[in-house]
Amino acid sequence: LAEESGGDLGRVCDPAVVARVDLPPAARQFLQRPDEKALGADLQWLRASGARLVLWAEHEYPPQLAAIRAAPPALYVMGEVQALKQPQLAIVGARGASPAGRAIAREFAGALAQAGLTITSGLAVGIDAAGHEGALAVAGRTIAVLGTGLDRLYPPQHADLAHRVRAAGALVSEFP
């Protein structure tokens, strides 16, 4: 889409450009009826936060995600955008995991990160956090996929973990 628009973000929503590009339905709908006020606020936040907006058709968009029909039209990324294209393994599980379960998740994540995989999880308490901690303990790469916008970390007690994940990989959300 960026190529079709000649790099001009103002032309990205041009109906003729949108019609020529194969897009997932959500992306097409987003571009056909953009909320100008919300877009302006998002762009202002992006500039101030240092986050990056990665559009579905851009080279940096993760190919595994782009391949699904309901792929988000855009991703908001803080940290290393290239981490999204690395081989990944998701470690997710119970928020109320036992201490033994969290220890096993940390151990697996550490071993897999040492083997070169990027550990991807959701930043939630329990197994998700243990996966990130395991990767971080061995200086591995990790990605946190958030169910909120990047300006609203959840859970809030994981602000320090989010900061460390961002430094070792990326924080990602499909939400502005």
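Excluded from the calculations below are hydrogen atoms, water molecules and symmetry mates; all remaining heavy atoms, backbone and side chain alike, are included. FYI, the numbering just counts along the sequence from 1.
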Check: When clusters are formed by joining ILVMFWY residues with side-chain heavy atoms under 4.5 Å apart, either directly or through shared neighbours, do V165 and V125 land in the same one?
Finding: no
Margin query: If hydrophobic clusters are built from ILVMFWY residues whose side chains come within less than 4.5 Å, do V138 and L117 share one?
Written below: no
Next item on the list: For L146 and V172, run side chain to side chain contact (heavy atoms under 4.5 Å, CB included): C-alpha distance rounded to whole Å, both residues' side-chain angles, the deciding distance at 0.1 Å, then the answer.
Entry: CA-CA 6 Å; L146 305 177; V172 179; over 6 Å; no
Next item on the list: Mind checking the OG-CD spacing from S121 to Q88? Nearest 0.5 Å is all I need.
Entry: 11.5 Å
Margin query: Check for me, please, whether V81 and L65 land in the same ILVMFWY cluster - side-chain distances under 4.5 Å, paths through other members count.
Written below: yes
Below 3.5 Å, can you tabulate the donor-acceptor pairs from side chains in residues 148-158 to any protein atom, sequence neighbours excluded?
residue: T148; atom: OG1; partner: R152; partner atom: O; Å: 2.6
residue: H158; atom: ND1; partner: L123; partner atom: O; Å: 2.7

Check: Got P73 and Y61 here, is their nearest side-chain heavy-atom distance under 4.5 Å?
Finding: no
Next item on the list: Using a 4.5 Å cut-off on heavy atoms from C-beta on, say whether the side chain of L136 contacts that of L161.
Entry: yes
Margin query: Show the nearest heavy-atom pair for residues A109 and G131, with the distance to one decimal.
Written below: CB-O, 3.2 Å
Notebook entry, point to check: Which atom names give the shortest non-hydrogen contact between F175 and G147, and what distance separates them?
Noted result: CE1-O, 3.6 Å
Check: Has the side chain of T142 got a donor or acceptor atom that lies under 3.5 Å from a matching backbone atom of A135?
Finding: no
Checklist line | Heavy-atom closest pair, residues A71 and A66 | finding: CB-CA, 4.3 Å
Note to self: Check for me, please, whether I68 and V92 land in the same ILVMFWY cluster - side-chain distances under 4.5 Å, paths through other members count.
What the structure shows: no
Checklist line | Any L89 side-chain heavy atom under 4.5 Å of T120 side chain | finding: no
Note to self: Using every non-hydrogen atom in the two residues, find where E60 and K85 come nearest and quote the distance to one decimal.
What the structure shows: O-CG, 3.9 Å
Margin query: According to side-chain hydrogen bond (donor to acceptor under 3.5 Å, both in side chains), does anything in residues 90-117 pair up with another residue at least two apart or in another chain? List the pairs.
Written below: none
Item checked: Test item: D128 side-chain N/O and G122 main-chain N/O as donor-acceptor pair under 3.5 Å -> yes
Check: Nearest 0.5 Å, what's the CG-OG1 distance between L84 and T118?
Finding: 9.0 Å
Check: Going through the distances and angles, do H132 and R164 end up as a side chain to side chain contact (heavy atoms under 4.5 Å, CB included)?
Finding: CA-CA 9 Å; H132 293 302; R164 292 183 291 131; over 6 Å; no
Margin query: Show the nearest heavy-atom pair for residues W45 and A51, with the distance to one decimal.
Written below: CZ3-CB, 3.6 Å
Item checked: Any donor-acceptor pair under 3.5 Å from E58 side chain to L55 backbone -> yes
Checklist line | From CA spacing to verdict: side chain to side chain contact (heavy atoms under 4.5 Å, CB included), I119, I143 | finding: CA-CA 6 Å; I119 303 302; I143 296 171; over 6 Å; no
Notebook entry, point to check: Under 4.5 Å between side-chain heavy atoms, hopping through other hydrophobics if needed: is there a path connecting L46 to L171?
Noted result: yes
Check: Does any pair with a residue in residues 70-81 pass side-chain hydrogen bond (donor to acceptor under 3.5 Å, both in side chains), and if so which ones, sequence neighbours excluded?
Finding: D42-Y76, E80-R141
Checklist line | Over all atoms of both residues, closest heavy-atom pair of L53 and A74 | finding: CD1-CB, 3.6 Å
